[in-house]
Every structure is written in C-alpha cells, then in structure tokens.
Amino acid sequence: MEITKDQILEVLTQVTDPRTGHNIIESKTLESIDIQQGKVFLLLNTRGVDAQILSSINFQCVSAIEDAFPKLIVEIRKNEVPRPISILPQVKNCIAIGSGKGGVGKSTVTANLACTLAMKGYKVGLIDADLYGPSIPTMFGVEKMRPAIDDRSGKPMLVPILKHGVYLMSIGFVINPEQAVILRGPRLSGIIKQFLQDTVWPPLDFLFFDLPPGTGDIQLTLVQTLPIQGAIIVSTPQKVSCIDALKAVNMFKMPSIDVPVLGVVENMSWFSPVDAMDKKYLIFGEGGVEALAKEEELPFLGKIPLVMSAGISSDAGSPEVLTNDAFRQEYIEPIALKIIHSFANS
Ligand SMILES: Nc1ncnc2c1ncn2[C@@H]1O[C@H](COP(=O)(O)OP(=O)(O)OP(=O)(O)O)[C@@H](O)[C@H]1O
Ligand SMILES: [Mg+2]
C-alpha cells in the first residue's frame, strides 16, 4: 500500500523544534513533503537555525519516519531563504525598529538605544528609513548637515555623519518627501539598495533602522529590502497602539519577510511630574504591551516612562541618555543589554 503525505505529516507531529517547543509543522520548520519511488523528501526551512538544533531536528525526523515506515528512505533538504545580508557585510547586527502606530516613540527609543550602545564602546550606526517624516537628523541635531561625498575610484559615495558616537544616515538625504509619496515597490527597493551600497559604512556592531510607522506597502518594501536580522517593536500601553503593534509583529512573521522579532518595548509607560517623582500617572493604561508579548511568546524588553526632559532633549538634538544617567541606567541600558544578549545567543 502506498504511503501518503498525510501519514508522513502525522508521524512528523512527534518531531519538536527545540526553538519553539512545538512540533515542526506548527513551528513552520517543515516546508514540504514529497514522496517518490520509496523515498520521502522533506524540505526544512533552516534559515538562521544553528547546526546543533538542525541535527536534532534531522535526527528526530529520520527516526520517526523510519520507526513508522521501516522501508522508506528519508532525505532531508534545506531551504535557506536568501536574505540580502551581504549588502552590508561589514555590519554584524542589523536591527529594525518598528511599530504599527505612529508617534509611539520609535525614533526616541532608537536614538537613545544607539547612543547607549555607543557609550558602552560598541560601534553603532543608525539609518533613518522614515521616508515621510525623517526625525533622526533633528534628534541628533544634524538636520542642517548633509553627508559628505567621497570619491572612491571614480564612484561618489556618501559618508555617514558621526554624531554623539553614532554613524548616521537618513533616507531623507537622498529622497525628498514629495518623491517618497509616489515611490513604490521595485523602484523604492532599488533606491534603498543603492542608498545602502553607495554609503561608506565602517565596520559596525549594530546598525539600527528607524522605520516609518504602519504596515503598508512602503513598510513591506522596506523590510524586504533592508538587510534586517532582528526587529524590535515599540508600543505605548494603549489598546489602539497594541493592536497596531500586533500588526507589525505579524508583518515581520510573514513568510516572505520572516524576520525574528527580538522583543517588544513599552514606551510612555507612566508619567511622574518633576515635583512629585513618587507619583506614577498611568496616562495610557497598564499592562497592554506585556500582555501582547506574552500572547505572541515574545520577550518583553522593558518599560520606559514618559519623561518631560526626554522630549525636550530630543528636540534639542541630544538624546536624553547623554545627560541623564538615571534614565539611561534604569530604563535604556537593560533593554540594550537584552538586545546584545539576543544576538550573542543567536
Ligand atoms: N519616553 C518619552 N518621554 C518623553 N517624550 C517622549 C518619549 N518618547 C517619545 N517622546 C516624544 O513623543 C513624540 C513622538 O516620539 P517619536 O518621534 O520618537 O515617535 P515615533 O514613533 O518615531 O513617531 P513617528 O511615527 O512619527 O515616526 C516626540 O515629540 C518625542 O520627543
Ligand atoms: Mg519616528
């Protein structure tokens, strides 16, 4: 009697992906099954899977199938979806910061994280990929500056601006907002690739991409084109913000994007007036982001309060962590450390 794909599928429900604790079908590690002339071919999505985990999955698949169908020969193929990481081979870790909702503090959080990592001695870059409302140049006080052009063997290259120890580029330097409105799909990804390749990026430990808010066409094109290895989602505790944050999580999980979400940050968790620091006003509610992280089985990276001076520092071109040690040590450093660890473990 012929063995069917459904029978193989049933057997493979016993195989656990150690990364998720669920079986390889639920974990979407198994991409397809093909049976031909007494042989079963399994296609596994192995992008980013380390060798030890891969050999455990392989071993479990072969044993499970051979136990159930001793005559069947099992062959495992790997499907490593290519990612455009080679665009920036000199950068170790590329991280996108996204949110579904606008104005939740993505750029503020990114700027403070980047400066904190730079203060710790890491080499850090930050690309403002917000085509419509680039705010990183303002937050670093370089909005009037333009990157220098360096002639490399006859090819003009952009030189990132170094400020507060962070190498900065803004997509606003190469695309003006009116042009951005009409740019779509392949044309946009062509410009972004050029923007990345035609910039003299030094070797970096971390390169952050500050994304525009939302999960529409433009954001999809950006996350498909930028060489992203991990994403961080920022949200306020408000329900409307968390609903949109979930959309951003789902965007990164789409098979055509498939970027691991490193975790979620809650911004504007509470407000304490300067003259009554012991009081905590939960302006946007409580617990929404932690609940989202739990529901989606994602790490909760930390809470950042609404601090009056942080808004003022942003506008003045000097992220809060540069002058407010307590803010850096209590709220931003713990998040930065979790990011360092999540890459060290990957
Ligand atoms: N923790 C905070 N304390 C005080 N002010 C903050 C904090 N986080 C953000 N802000 C202020 O809130 C406003 C919005 O923040 P920001 O521009 O970082 O959000 P965003 O998510 O990047 O917005 P957009 O969606 O427009 O890109 C800014 O004026 C910023 O200074
Ligand atoms: Mg922003």
Side-chain angles (χ1 to χ4, degrees), residues 95-116 126-143 164 166 168-173 175 177 180-181 208-216 218-219 222-223 226 231-238 240-245 247-249 251 264-274 277 280-286 288-289 301-324 326-336:
I95 307 167
I97 314 278
S99 75
K101 199 162 165 47
V104 295
K106 261 183 323 307
S107 306
T108 309
V109 172
T110 314
N112 280 288
L113 276 173
C115 289
T116 299
L126 168 48
I127 292 187
D128 185 356
D130 191 341
L131 283 74
Y132 302 125
S135 48
I136 293 298
T138 308
M139 292 184 179
F140 279 79
V142 298
E143 68 269 52
H164 305 317
V166 180
L168 302 168
M169 270 298 285
S170 174
I171 204 154
F173 295 148
I175 302 175
V181 175
F208 290 96
F209 300 112
D210 182 18
L211 296 176
T215 49
I218 291 289
Q219 290 76 6
L222 281 170
V223 293
L226 293 167
I232 293 171
I233 309 291
V234 178
S235 176
T236 70
Q238 246 187 326
V240 280
S241 171
C242 293
I243 291 170
D244 285 5
K247 288 186 195 157
V249 170
M251 173 177 78
V264 228
V265 173
E266 182 178 281
N267 188 32
M268 309 190 188
S269 302
W270 68 87
F271 172 71
S272 303
V274 184
M277 288 303 279
K280 276 188 179 179
Y281 292 96
L282 303 167
I283 298 177
F284 297 124
E286 196 179 17
V289 183
L301 300 177
K303 295 182 180 192
I304 305 172
L306 192 61
V307 174
M308 209 168 135
S309 54
I312 297 169
S313 313
S314 269
D315 282 353
S318 163
E320 182 73 1
V321 289
L322 297 174
T323 48
N324 186 341
F327 179 78
R328 188 184 69 249
Q329 285 159 4
E330 268 178 66
Y331 307 118
I332 308 295
E333 268 184 9
I335 300 174

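When a ligand or atom number is given, it counts from 1 through the structure's own listing order.
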Among Gly103, Gly214, Ala111, Pro212, the residue with a heavy atom nearest to atom 23 (O) of ligand 1 is Gly103
Problem - Thr108 backbone or side-chain N/O/S under 2.8 Å from the Mg ion (ligand 2) - result: no
Are any of the N or O atoms of Ser107 closer than 3.5 Å to those of ligand 1?
yes
CD1 (Ile335) and CG (Asn112) are apart, to the nearest 0.5 Å, by 9.5 Å
Looking only at protein heavy atoms, what sits closest to atom 7 (C) of ligand 1 is Asn267 ND2, 3.9 Å
among protein heavy atoms, the one nearest atom 20 (P) of ligand 1 is Lys106 N, 3.5 Å
Does the protein put any heavy atom within less than 4.0 Å of atom 13 (C) of ligand 1? no
Would you please classify the geometry between the Phe140 ring and the His164 ring as parallel, tilted or perpendicular, with 30° and 60° separating the classes? tilted
The closest protein heavy-atom partner of atom 27 (O) of ligand 1 is Asp130 OD2, 3.4 Å
Would you say CD of Glu286 has more than 12 non-hydrogen atoms from neighbouring residues, nucleotides or ligands within 6.0 angstrom? no
Ranked by distance from atom 9 (C) of ligand 1, the top protein heavy atom is Thr108 OG1, 3.4 Å
Fill in: Within-cutoff protein neighbour (heavy atom, under 4.0 Å) for atom 4 (C) of ligand 1
yes
The protein heavy atom nearest to atom 2 (C) of ligand 1 is Pro305 O, 3.8 Å
So the atoms of ligand 1 within less than 4.0 Å of a heavy atom of Gly102 turn out to be 25 (O)
Could you tell me whether some N/O pair between Met268 and ligand 1 is separated by less than 3.5 angstrom?
no
